[in-house]
Amino acid sequence: MTTQAVAEHTRVAGTATRGAVTFLVAAGIDDPARVSGGNVYDQHVRDRLGVHGWHVSTVPVADAAGAGAVLRSVPETATVLVDGLVASWAPDHVAAAAARVRLVVLAHMVAAVFPGVTAAEVAAERRALAAAHRVVVTSAWTARELARRGLVDAGRLTIAAPGAEASGRSASGRGRRLLCVGVVAPHKGQDVLLAALARVPERDWSCAIVGSAEAAPGFAAAVRRDAAAFGGRVRLTGVLGRAALAAEYARGGLLVAPSRVESAGMAIAEARARGIPVVAAAVGGIPDTVAGGGAILVRPDDPAALAATLHAWMTDPALRRRLRREARAARTGQPTWDDTAAAVAAALEAA
């Protein structure tokens, strides 16, 4: 964050009242080439908190130094909302700020469950969460996991599940048009999906894999190489804008979420809001997200189990009819983004 940006933020924050919140987010939140579930969630919260009585000053930061500069600049007793990624960069700055401001951390995930996370990163998460006056999480599973690991006591937790806007029409995609949405990275399990599709005896399906390849370039390159073996039946679209992504959902007959780790599953929520059935791995917050039907859960990291389920979906008309019926019925039970913002607003008040 530049010196000029800190000065401007200090000028605005100096007028802070109980209805004002400084929201620290990772740099690039609005970059269309860096779309992620966390960024989309933060965008919706930023854009909707005003409806619930909060004036939002959003400050993107790129590192611990930037976060520290902002946290030192806010006036005493101000309210600050810090994205969990930013908080994990700067746990000491978060702890220092919590002594003088009302500080809430928005935790999108539990770092310790991700493969490859270092002990230092887990310790940083622990320090940041311990300092926060309240912690907002995106699923009941995340809340349970943080409490189970002794990272946050239940009394400081608020669940604000990701929203989706219910569509008045169900998606009309054919059953054999598969859709997988999420950053192309090991925890999302696109390699598991491709290994499963190689085992499916049917050959008249298509699959669109939508998401950024920037987070794990080596993994993405391997997925791209394996996808090429299907002779055009698998498309890797990269990041899509809102309209193009909506068009993919409209064409899709089934959303497949083969994640190894998942806190909530925003793509699943989007599919369910459109009445699209889901096949997903039974990990993390996914079972909570698909509660109410219209989904089949499979063992994670198990291509054979996923292949068997996809084969059943493609060959059993009664199964497809039931899942579609349940998925359409589940649309009305999905939280909206205004519901999400209302829960975050309540956490800010409680802080």
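In what follows, every heavy atom counts, from backbone to side chain, and hydrogens, waters and symmetry copies are set aside.
- For the atom pair CZ of Arg176 and OG1 of Thr315, the computed distance is 7.5 Å after rounding to the nearest 0.5 Å.
- Residues Leu348 and Leu106 fall within the same hydrophobic cluster, defined by Ile, Leu, Val, Met, Phe, Trp and Tyr side chains chained together at heavy-atom separations under 4.5 Å.
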Worksheet item: So Thr77 and Arg102, side chain to side chain contact (heavy atoms under 4.5 Å, CB included) or not? Walk me through it.
Response: CA-CA 6 Å; Thr77 74; Arg102 294 186 291 268; 4.1 Å; yes

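- At distances below 3.5 Å, not a single donor-acceptor pair connects side-chain atoms of Arg272 with backbone N or O atoms of Ala269.
- For the pair Arg274 (side chain) and Glu270 (backbone), a donor-acceptor distance under 3.5 Å is present.
- Side-chain contact check for Ser263 versus Met109: some heavy-atom pair is nearer than 4.5 Å.
- Checked by atom type and distance alone, the side chain of Arg46 never pairs as donor or acceptor with a backbone atom of Val56 at under 3.5 Å.
- Between Val278 and Thr289, the closest side-chain pair of non-hydrogen atoms is not below 4.5 Å.
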Item to complete: Would you check, one step at a time, whether the test side chain to side chain contact (heavy atoms under 4.5 Å, CB included) holds for Leu24 with Leu71?
Response: CA-CA 9 Å; Leu24 272 70; Leu71 290 170; 4.0 Å; yes

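- Atoms CG and CG, on Leu245 and Leu179 in that order, are 7.5 Å from each other to the nearest 0.5 Å.
- Under the 3.5 Å distance criterion, with hydrogens and angles disregarded, no donor-acceptor pair is assigned to the side chains of Arg235 and Ser206.
- Between Met266 atom CE and Ser139 atom OG the span is 12.5 Å, to the nearest 0.5 Å.
- To the nearest 0.5 Å, atom CG of residue Leu103 and atom CZ of residue Arg134 are 13.0 Å apart.
- Contact record, Val283 with Pro300: CG1-CB, 3.3 Å, taken as the closest heavy-atom pair.
- Side chains of Leu178 and Met314 form a contact here, defined as non-hydrogen atoms less than 4.5 Å apart.
- Side-chain atoms of Val74 and Arg100, non-hydrogen and from C-beta on, do get closer than 4.5 Å to each other.
- For the pair His311 and Arg199, the minimum side-chain heavy-atom distance is 4.5 Å or more.
- Here the shortest heavy-atom pairing between Pro115 and Val261 reads CD-CG2, 3.9 Å.
- Counting heavy atoms from C-beta on, the side chains of Val110 and Arg148 never come closer than 4.5 Å.
- Counted within 6.0 Å of CZ on Arg242, heavy atoms from surrounding residues, nucleotides or ligands total 12 or fewer; the atom is thus considered open.
- With rounding to the nearest 0.5 Å, the separation of OG in Ser259 from CG in Asp301 is 11.0 Å.
- Here Ile29 contributes atom CD1 and Gln43 contributes atom CD; the two are 5.0 Å apart, rounded to the nearest 0.5 Å.
- With Thr336 contributing its side chain and Ala164 its backbone, the two residues share no donor-acceptor pair below 3.5 Å.
- The main-chain N or O of Ala132 is found under 3.5 Å from a side-chain atom of Arg156 such that the two form a donor-acceptor pair.
- The shortest heavy-atom contact between Trp313 and Arg320 is O-NH1, 2.9 Å.
- Aromatic ring orientation, His44 versus Trp337: parallel (interplanar angle below 30°, classes split at 30° and 60°).
- Summarising the geometry of Gly211 relative to Thr237, their closest heavy-atom pair is N-OG1, 4.4 Å, with the distance given to 0.1 Å.
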Item to complete: Applying side chain to side chain contact (heavy atoms under 4.5 Å, CB included), run through Leu49 and Phe23 and close with a yes or a no.
Response: CA-CA 11 Å; Leu49 275 176; Phe23 188 11; 5.5 Å; no

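- Between the side chains of His52 and Asp338, not a single donor N or O lies within less than 3.5 Å of an accepting N or O.
- By the 4.5 Å heavy-atom criterion applied to side chains, Asp83 and His108 are counted as neighbours.
- Considering all non-hydrogen atoms of both residues, Val298 and Thr309 come closest at CG1-OG1, 3.2 Å.
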Item to complete: Take Leu310 and Leu254, measure what side chain to side chain contact (heavy atoms under 4.5 Å, CB included) needs, and give me the verdict at the end.
Response: CA-CA 9 Å; Leu310 293 176; Leu254 179 73; 3.8 Å; yes

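- Checking side-chain atoms of Asp226 against main-chain N and O of Asp191 turns up no donor-acceptor pair under 3.5 Å.
- Note on Val117 and Leu151: same hydrophobic cluster, where clusters join Ile, Leu, Val, Met, Phe, Trp and Tyr whose side-chain heavy atoms are under 4.5 Å apart, directly or indirectly.
- Follow the hydrophobic side-chain contacts under 4.5 Å out from Val40 and you reach Leu81 in the same cluster.
- Nearest heavy atoms, Ala131 versus Ala95: CB-CA, 3.6 Å.
- Following chains of ILVMFWY side-chain contacts shorter than 4.5 Å, one can reach Leu157 starting from Val113, so the two form part of one hydrophobic cluster.
- Considering only heavy atoms from C-beta on, Leu194 comes within 4.5 Å of Ile209 through its side chain.
- Judged by distance alone, the side chain of Gln190 and the main-chain N or O of Val183 form a donor-acceptor pair under 3.5 Å.
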